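Working notes, structure below.
Values below: every heavy atom of this structure, side chains too, minus hydrogens, waters and symmetry copies. Because the structure is a prediction, the values reported are computed rather than measured. One is the number of the first residue; the rest follow in order along the sequence.
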Amino acid sequence: MTDAIRIKEARRKLLTNLNILYPSPMQIRSLYRTVCHLDPTYDTSLFAKDIMYFSDKGWIEFVDNKIGGVSKFEDKVIKLTALGKEIAEGTDTDKA
């Protein structure tokens, strides 16, 4: 499996899990554990890159930042935005 396919697959799993909980937020640590259960080879550095990619695209928001934030990345709380939900459900597509 190529790296690009693995990245897309991992991102799809992340979005799917966030979409299941929409509009509720989820702690990053819990999301990582959920995806690792599905793919034990998923690395924390790739996970962090994927989360930041979603944030840069506007697909997720860091809920904890609205109330002062937390210092540790794994303790942050995120949720899908409306655009992220559209991407997760396939009603909109990413141009990249």
Quick check for you: to the nearest 0.5 Å, what is the distance between Arg6 atom CZ and Asp3 atom CG?
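CG of Asp3 is found 7.5 Å from CZ of Arg6.
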
To the nearest 0.5 angstrom, please state how far the CG atom of Leu15 sits from the CD atom of Glu86.
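These two atoms lie 12.5 Å from each other.
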
Quick one: does [X]'s side chain get under 4.5 Å of [Y]'s, heavy atoms only?
X     : Y     : value
Phe62 : Ile28 : yes
Val70 : Asn65 : no
Tyr42 : Asp50 : yes

Least distance between heavy atoms, [X] atom then [Y] atom:
X     : Y     : value
Glu61 : Thr81 : N-CG2, 4.0 Å
Ile60 : Ile51 : CD1-O, 3.5 Å
Leu83 : Gly58 : CB-O, 4.2 Å

Quick one: sort the Trp59 and Phe54 rings into parallel, tilted or perpendicular, breaks at 30° and 60°.
tilted

Starting from the C-alpha separation in whole Å, work towards a yes-or-no answer on side-chain contact (heavy atoms from CB on, under 4.5 Å) for Phe47 and Val35.
CA-CA 9 Å; Phe47 174 72; Val35 175; 5.6 Å; no

Can you get from [X] to [Y] by hopping between Ile, Leu, Val, Met, Phe, Trp and Tyr side chains that sit under 4.5 Å apart?
X     : Y     : answer
Leu14 : Leu38 : no
Phe73 : Tyr53 : yes
Met52 : Leu80 : yes

With sequence neighbours excluded, give me every side chain to side chain donor-acceptor pair (under 3.5 Å) pair touching residues 18-31.
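Applying side chain to side chain donor-acceptor pair (under 3.5 Å) to every pair that reaches into residues 18-31, excluding sequence neighbours, yields Asn19-Lys85, Arg29-Asp75.
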
Worked verdict on Leu31 versus Ile78 for side-chain contact (heavy atoms from CB on, under 4.5 Å):
CA-CA 9 Å; Leu31 179 60; Ile78 58 174; 3.9 Å; yes

Pick from Val63, Val77, Leu21: which one makes a side chain to side chain contact (heavy atoms under 4.5 Å, CB included) with Met26?
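Output: one option passes, namely Leu21.
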
Among pairs that include at least one residue of residues 12-23, which meet salt bridge (charged side-chain N to carboxylate O under 4.0 Å, His left out), considering only residues two or more places apart or in two chains?
Glu9-Lys13

